[in-house]
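Remember, it's 1-based here, ligands and their atoms both numbered in the order they're listed. Owing to the predicted nature of the structure, the values given are computational and were not obtained by experimental measurement.
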Amino acid sequence: MRNTRATQLLTELSREGRYNPLLPDCDVPQPPLEELLPREAIAAELLPLPEVAEPDLVRHYTNLSTLNMSVDTHFYPLGSCTMKYNPKRNERLAGLDGFAAVHPYQPEETIQGLLELLYELQEMLAEISGLHAVSLQPAAGAQGELTALLVAAAYFQERGEHRTKVLAPDSAHGTNPASAHMAGFRTVTVKSTPEGLVDRDDLRRHLDDEAAVFMVTNPNTLGLFETEIREIAEEVHGTGGLIYLDGANMNAILGISRPGDFGADMMHFNPHKTFSGPHGGGGPGAGPIAVTRDLAPFLPTPVVAREGDVFRLDEDRPRSIGRVRGFFGNVGVLVRAYCYIRTHGPEGLREVSENAVLNANYLLHRLKEFLPVPQGDCCMHEFVATAKDCKAERGITAMDIAKRLLDYGFHAPTVYFPPIVREAIMVEPTETESRETLDAFAEAIGKIVQEDPELLHAAPHSTPVTRPDDVRAARQPVMRAVAAGENGHEG
Ligand SMILES: *Cc1c(COP(=O)(O)O)cnc(C)c1O
């Protein structure tokens, strides 16, 4: 059944006078506004705000909140995004006044507890990464990439080396080349082998005294661990380059292997992925980076420093690249990550990864009954299936399957990424799903690939908006709510 709740805007629900704040009469003198505020701060007339009774308002937002899928409502196997369950305990703790109500300009002596927490988080991330120093400042994984590349650029500049290239595999996330470009480098794409790993011969061809950084995702976006990562790192280091580890897939290796140990010089974390922060529609992310001792002086200011029992924001770092973000960073996300790490502890984090890998392999083997998985003997925390045969034989595309899954009550997996797999369907179940959920998902795919292609091309059928024209939806978004039964994007 199509979900048609909350299809009107608040302004359409508004009725004049239907607004009752239910406050008692004021029993102290009420000076006129003009005595309280400068004249230019007072609006000439009242704003045309909607007038809606509280029950209607609550229903409006509650119904709106059910129109989208989320990890709290549905299985959300969005490959590369690690949409694991967000423990509510972490939300409660991050909402405590001592975290949520502090002001960015508050004196340091009044936020010692928060600074201590952030300091400990720096230490824990350094430990997990096997690297020396951490900056919590970047606001997302992508900004972590950019920040680390700026750090690398400052490092080479100080050494008087003119290195202009950043290398990244053809399976890399689009943010890798984008960050390289923004940091002033030229991106060179390194091929993958048919097995889906870095083609070392191709990498070697690009390694010279112009190559600054090799950006590698490990495990990579096909869910495969680069088994020769140490040899790769040795080769890159041998020509004077640095290794950047895209840490989006840390959920596969927590407490099992450390990027610093396999040769990474710098990396980012996605706490909103690996450490269970809500993301997507659920809130902002963060992108802390970790770097080696040699690169540490270039990290953004401030970092949290400790002197005896006192914690402070250290701004006095003459070789720093400077700030990359206003104030300190997305502290709320960092607090959630801290809670998550402390809740699990070292053994618990390792179990997280073991179970993430177990779940992915279980689902891989169930799904292989219905869709081929080209690099599919076993995987780390995610795998990439293909609808290439479905498309050739019955005209059913990866997009059709993804859209139809919504009707079955599952958020779609990532599709058409990584670009090296045709009709890619990239599935990451995470460790927080039960076997029953994984079975139900596999069975839904099994049914979908047997369905009438015409039905699939028009899917989803149960959502308020069915299949938008992706291009038109992006170029001419219809921001108005859609009346029940009609569909603003169709046709
Ligand atoms: C998510 C992701 C990024 C970017 O991280 P954001 O936090 O979304 O900016 C980079 N690389 C990979 C492989 C990712 O999955």
* Any N or O of Thr221 closer than 3.5 Å to N or O of ligand 1 -> no

* Asked: Do we see a donor-acceptor contact under 3.5 Å between the side chains of Asp170 and Thr189?
  -> no

* Asp199 side-chain N/O to Thr193 backbone N/O, donor-acceptor pair under 3.5 Å -> no

* Close approach of His272 to ligand 1, heavy atoms, under 4.0 angstrom -> yes

* **Carboxylate-amine/guanidinium proximity below 4.0 Å for Arg475 and Asp469** => no

* Protein contact of atom 11 (N) of ligand 1 - nearest heavy atom, named by residue and atom, plus distance -> Asp246 OD2, 2.6 Å

* Protein heavy atom at shortest distance from atom 6 (P) of ligand 1 -> Gly141 N, 3.4 Å

* Pair Arg200 + Glu235: basic N to acidic O under 4.0 Å -> yes

* **Flag, side chain of Glu226 to backbone of Val198, donor-acceptor distance under 3.5 Å** => yes

* To do: Measure up the Tyr340 and Phe275 rings against each other and bin them: parallel (under 30°), tilted (30 to 60°), perpendicular (over 60°).
  => tilted

* For atom 5 (O) of ligand 1, which protein heavy atom lies nearest, and how many Å away is it? -> Asn270 ND2, 2.9 Å

* What about Cys81: any of its N or O atoms under 3.5 Å from an N or O on ligand 1? -> no

* Below 3.5 angstrom, do we get any N/O pair linking Gln143 and ligand 1? -> no

* To do: Answer yes or no: is there a side-chain heavy-atom contact under 4.5 Å between Asn251 and Lys273?
  => no

* Closest approach of any protein heavy atom to atom 9 (O) of ligand 1, naming residue and atom -> Ala142 N, 2.8 Å

* Structure fact -> Taking only non-hydrogen atoms of Ala248 and a 4.0 Å limit, the atoms of ligand 1 in range are 2 (C), 11 (N), 12 (C), 13 (C), 14 (C), 15 (O)

* To do: Check His279 against ligand 1 and report side chain, backbone, both or neither, counting heavy atoms closer than 4.0 Å.
  => neither

* Asked: Could Lys165 and Asp208 be called an ion pair, given the rule that one side-chain N must be under 4.0 Å from one carboxylate O?
  -> yes

* Tell me: protein heavy atom nearest atom 15 (O) of ligand 1, and distance? -> Ser80 OG, 2.5 Å

* Asked: Does Lys273 reach ligand 1 with a nitrogen or oxygen that is under 3.5 Å from one of the ligand's nitrogen or oxygen atoms?
  -> yes

